[in-house]
There are 2 protein chains.
Amino acid sequence: MDTAPRPGLRERKKRRTRDALVRTALELFVANGYERTTVDEIAGAVDVSQRTFFRYFASKEEAAFAVQELVEAHFLEAVRRRPPHEPPLTALRRAVLASWDTIGEAIETVVPMELHMRAFRLIESTPALLAAHLGRQEGLEEELARTVAEREGLDVDADPRPRVTVALFGGVMRLAARSWGAGHDFSATAMRGLTASYLDQMELALAEDWRTRGEHAPGHSRK
Amino acid sequence: MDTAPRPGLRERKKRRTRDALVRTALELFVANGYERTTVDEIAGAVDVSQRTFFRYFASKEEAAFAVQELVEAHFLEAVRRRPPHEPPLTALRRAVLASWDTIGEAIETVVPMELHMRAFRLIESTPALLAAHLGRQEGLEEELARTVAEREGLDVDADPRPRVTVALFGGVMRLAARSWGAGHDFSATAMRGLTASYLDQMELALAEDWRTRGEHAPGHSRK
DNA sequence: AGGTTAGTGACAGTCGCTGACAGTTGACAA
DNA sequence: TTGTCAACTGTCAGCGACTGTCACTAACCT
């Protein structure tokens, strides 16, 4: 590996401009809402032309997801790092939990954690952004399915299990993220807890009859 | 019930205009692609002003999903009609399968089946539309979760099982729809078969170790 | 028939986004 | 150091989605 000697002035400048755009965009989005923030405002605040903004991001939306992109790549990497003998769901589970512990630093190189979390809430509560988010997640799931299939030595298109597994896992993860965003505890610990607890619910939810026995999740009574 | 004596001329005219817009929009989308079709073209073809188009649909996107809306409502209705003693997943499964058998007529009152199916493929293959589709599905899943919770006498926000169940179910349904759209057999029978086979995969995918035994789904050879 | 009101068209304007062209400034060699 | 080249950028012009406004027509109601 030799991919980090000195980026060169041009590269550094570009990186600075990009980070400033992301940061400013998120700040304005969070402060005034996504749709009420114009690209001209963002570009103006960073003192570049609107045209330049669109040279860095294909769309206003793309700027909103710049940090998410980091998180997703980080998680995917964590999955690929799991030892191949682990069963698929176990590998996925450990990868998420592990990646929550280390993603913080990567994020902080671009924007403060606080801002990222507020941006996440905004994504969840803005229909247009939520739709885009789900679309991105579908793309991630496709990559995950391929990764899982490769681990197990299967053909993704012939054996449905990799995609099914990833779809189930992804659905549950969305629920965890959603309740994280809806709550008030934005710590990584809280996210870990929610993740684990939702994953534990998977088998319970598939049970035939929910009414034969009252107890299911510890601490959850029937209200 | 008394909701169908005579709609009145005004209503009938409105309905006709709307149907014409939907039909024309889908035809143009399918023929030329979604983004390459302008609202002006659609409005022009139906001989109304662009402004009028936007009085019927909040966005170009909304016109693309007018028929999907019907399908979703139909399915939701089918779920609500299931006898309350059925376990949640059983009720969901039977509701989908049942609704595929009867949705055809409802669709044909607006557009020919063939057109609807082509439009569905277009949605799956156009990123912007796919994202919107996933966003809509999330909304549907929320309603489903509430319905399931009510059947079981639970509080959606206190007990995670309704949302988890619906998320798992929804994820699998998306896979079935996706492979339906990717294939060549557009019959309702094909959709039924895919739906059933993917649902059957749910438990198998959750199995600990996929490598202890080679066989998994009956009729699914490793091709 | 005559007043009310829903539905429409015409027009102007905002915002996201793109192509074309020209000016500026790092990178790199002479 | 200097000159050339390529990368980045700003300016401008334009398209398409979408919205507010206002006047006009036609269905509705009495």
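Chain A is the first sequence line, chain B the second, and so forth, proteins listed ahead of strands; every chain is numbered from 1. Values reported hereafter were calculated over all heavy atoms of this structure, with side chains retained and with hydrogens, waters and symmetry mates removed.
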Between the opening five pairs and the closing five pairs of the helix from C/dA1-D/dT30 to C/dA30-D/dT1, how far apart are the helix axes, to 10°? 20°
Going 5' to 3' through nucleotides 3-14 of chain C, assign each nucleotide B (protein heavy atom under 4.0 Å from a base atom), S (under 4.0 Å only from sugar-phosphate atoms) or - (no protein heavy atom that close). --BBSBBB----
Reported [atom1]-to-[atom2] distance for the pair [X] and [Y], which is rounded to 0.5 angstrom:
X        : Y        : atom1 : atom2 : value
A/Met191 : A/Trp180 : CE    : CH2   : 7.0 Å
B/Arg36  : B/Leu28  : CZ    : CG    : 12.0 Å
A/Leu129 : A/Arg121 : CG    : CZ    : 15.5 Å
B/Leu26  : B/Leu122 : CG    : CG    : 9.0 Å

Can you list the residues that meet the side-chain contact (heavy atoms from CB on, under 4.5 Å) rule with B/Glu142, with sequence neighbours excluded? A/Arg178, B/Arg146, B/Arg163
Can you sort out the partners of A/Arg151 under side-chain contact (heavy atoms from CB on, under 4.5 Å), two or more places apart, ordered by chain and number? A/Arg82, A/Glu86, A/Ala91
When the distance from [atom1] of [X] to [atom2] of [N] is rounded to whole Å, what number comes out?
X       : N      : atom1 : atom2 : answer
A/Glu61 : C/dG16 : CD    : P     : 12 Å
A/Leu21 : C/dG16 : CG    : C1'   : 16 Å
B/Phe54 : D/dT21 : CZ    : C1'   : 17 Å
A/Phe57 : D/dT9  : CZ    : P     : 11 Å
A/Arg18 : D/dC8  : CZ    : C1'   : 16 Å

Is A/Arg15 salt-bridged to A/Glu11, going by a charged N under 4.0 Å from an acidic O? no
Check this for me: does any side-chain nitrogen of one of A/Arg174 and B/Glu138 sit under 4.0 Å from a carboxylate oxygen of the other?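 Salt bridge flag = yes for B/Glu138 with A/Arg174.
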Report the residue from A/Thr17, A/Asp19, A/Thr24 that forms a side chain to side chain contact (heavy atoms under 4.5 Å, CB included) with A/Leu21. A/Thr17
Tell me, which of residues 23-42 of chain B have any heavy atom that sits under 4.0 Å from an atom in DNA chain D?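 Residues of residues 23-42 of chain B under 4.0 Å from DNA chain D: B/Thr37, B/Thr38, B/Val39.
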I'd like a table of donor-acceptor pairs (distance under 3.5 Å, sequence neighbours excluded) in which one partner is a side-chain atom from residues 69-81 of chain A, with atom names and distances.
residue, atom, partner, partner atom, Å
A/Glu69, OE1, A/Arg136, NH2, 2.9
A/Glu72, OE1, A/Arg136, NH2, 3.3
A/His74, NE2, A/Thr102, OG1, 2.8

For A/Tyr34 and A/Phe29, take the angle between the two ring planes, folded into 0 to 90°, and tell me which bin it lands in: parallel under 30, tilted 30 to 60, perpendicular over 60.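 Geometry flag for A/Phe29 against A/Tyr34: perpendicular rings.
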